[in-house]
Amino acid sequence: MLHYSSDFTQRLLCEAGLREGMRVLDIGCGMGDVSFLAASLVGRTGAVIGVDINENVLALARQRAKETGDPAPTFVKGDLNDLPGDLGVFDAIVGRRVLMYQPDSVEAVRVLMKRLVPDGLIALQELDMTMVPASIVPMPLHERAAAWLRHMLVTEGADVQMGFHLHGVLTQAGLRVEGVRAEAVVQTPDQPNNLGAMIKGGLSRIVDSGAVSAAEIDVETFQDRLNAERLETNATYISDMMFGAWARKPADHW
């Protein structure tokens, strides 16, 4: 639900080494955004399988695949901690904002490693809320909205500092980390982000978390109030920080 940059994801996959002919698994694929990026990199000689536990979003992903044409990913229902046995092994495993929701992220990576060929690649992108939101000019409404989202995620059991933890998690799991990157999502006065839409889309979860009442949010006017604050402050605002890391399975690890 939080904002992320597809450009950053594509750069991460390219720098990590996704290339034509690879067989790739996208964990927690959702509607398939990362799956389609990976498919464009591995081409017709490769293959991408997206896995998610939510059948509703998988249906949307499959419809996108029909409309996109070849090369298109294949989408399968499954839990990353208990993947279908017939999926086989992969040259690379990718995922975006998945480890942050795992009760034991190190063990989750170890399970995934079993589906990698020796010297296989894992490339993951994770949210981190340690340093955000940030602005040199106070933006109270934006800051309150960010606090609501953080409270919601923490209440749901998510690790909102997974970006900083990413290198350690991959290393503890037994992978050889090759690179780590981070990129901020920046809102300028003339280029707002989708914060209002995120609050609206996650309204029930935010309210259920106890962060704030629906009446206080007043979701129908919320985006207008965000816009007014943005124009009044004329400020640059950093809403999110995304980390990306890639690592290899040691060749002698089975």
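We number each residue from 1, following the sequence as shown.
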Quiz item: Any donor and acceptor pair, going by atom type alone, linking the side chain of E126 with main-chain N or O of L166 inside 3.5 Å?
Solution: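 No; zero donor-acceptor contacts below 3.5 Å.
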
Practice problem: Check whether any side-chain N or O of H151 sits under 3.5 Å from a backbone N or O of S209 as a donor-acceptor pair, and report yes or no. | Solution: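 Flag set: sc H151 to bb S209 pair under 3.5 Å.
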
Self-check item: Cluster companions of L37 among Ile, Leu, Val, Met, Phe, Trp, Tyr (side-chain spacing under 4.5 Å)
Solution: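 Same cluster as L37: L12, L13, L18, M22, V24, V34, L41, V42, V48, V94, L121, W246.
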
With side chains defined as the heavy atoms from C-beta onward, is the minimum distance between [X] and [Y] less than 4.5 Å?
X: I49; Y: P73; result: no
X: L124; Y: L170; result: yes
X: L99; Y: H165; result: no
X: D159; Y: S105; result: no
X: F164; Y: M241; result: no
X: M162; Y: V169; result: yes

Would you say [X] and [Y] are hydrophobically clustered, going by side-chain heavy atoms of ILVMFWY under 4.5 Å?
X: V154; Y: L149; result: yes
X: L203; Y: F222; result: yes
X: Y237; Y: M242; result: no
X: V186; Y: L226; result: yes
X: F8; Y: M129; result: yes

Quiz item: With sequence neighbours left out, which residue pairs that include part of residues 83-92 fulfil the salt bridge (Lys or Arg N to Asp or Glu O under 4.0 Å) condition?
Solution: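 Residue pairs passing salt bridge (Lys or Arg N to Asp or Glu O under 4.0 Å), neighbours aside: none found.
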
Quiz prompt | Sequence neighbours excluded, every pair satisfying salt bridge (Lys or Arg N to Asp or Glu O under 4.0 Å) that has a member inside residues 49-64 | solution =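 Sorted pair list: D33-R64, E55-R62.
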
Atom pair [atom1]/[atom2] of [X] and [Y] - distance to nearest 0.5 Å:
X: E156; Y: Y101; atom1: CD; atom2: OH; value: 6.5 Å
X: I27; Y: D79; atom1: CD1; atom2: CG; value: 10.5 Å
X: K114; Y: I93; atom1: NZ; atom2: CD1; value: 12.0 Å
X: L112; Y: L83; atom1: CG; atom2: CG; value: 6.5 Å
X: R248; Y: M113; atom1: CZ; atom2: CE; value: 13.0 Å
X: K200; Y: N194; atom1: NZ; atom2: CG; value: 13.0 Å

Practice problem: I would like to know whether N227 and R230 meet side-chain contact (heavy atoms from CB on, under 4.5 Å); could you show each step before the answer? | Solution: CA-CA 5 Å; N227 293 342; R230 173 174 54 85; 3.4 Å; yes

Which atom of [X] lies closest to which atom of [Y], heavy atoms considered:
X: L195; Y: Q223; answer: C-OE1, 4.4 Å
X: A61; Y: F75; answer: O-CE1, 3.5 Å
X: I53; Y: G78; answer: CG2-O, 3.1 Å
X: S213; Y: V207; answer: C-CG2, 4.2 Å
X: T9; Y: Q125; answer: OG1-OE1, 2.5 Å
X: A123; Y: A16; answer: CB-CB, 4.0 Å

Exercise. Output every pair passing side chain to side chain donor-acceptor pair (under 3.5 Å) with a member in residues 14-30, not counting sequence neighbours, ordered by first then second residue.
Key: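 Listed once each, the pairs are E15-R181, D26-S35.
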
Exercise. Would you sort out whether V132 and V185 count as a side-chain contact (heavy atoms from CB on, under 4.5 Å), showing the intermediate values?
Key: CA-CA 10 Å; V132 294; V185 177; over 6 Å; no

Quiz item: After noting the C-alpha distance and the side-chain angles of N81 and E107, does the key distance pass the side-chain hydrogen bond (donor to acceptor under 3.5 Å, both in side chains) rule?
Solution: CA-CA 9 Å; N81 293 295; E107 181 58 27; over 6 Å; no

Quiz prompt | Listed partners of E232 passing salt bridge (charged side-chain N to carboxylate O under 4.0 Å, His left out), at least two apart | solution =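 E232 satisfies salt bridge (charged side-chain N to carboxylate O under 4.0 Å, His left out) with no residue once adjacent residues are dropped.
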
Check: residues 137-146 side-chain donor-acceptor pairs under 3.5 Å, at least two apart:
from, atom 1, to, atom 2, distance (Å)
H142, ND1, E229, OE1, 2.5
H142, NE2, Q187, NE2, 3.3
E143, OE2, M139, N, 3.1

Exercise. Going by the side-chain contact (heavy atoms from CB on, under 4.5 Å) test, name the single residue among L87, L80, L58 that passes it with V51.
Key: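 Among L87, L80, L58, the one that satisfies the side-chain contact (heavy atoms from CB on, under 4.5 Å) with V51 is L87.
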
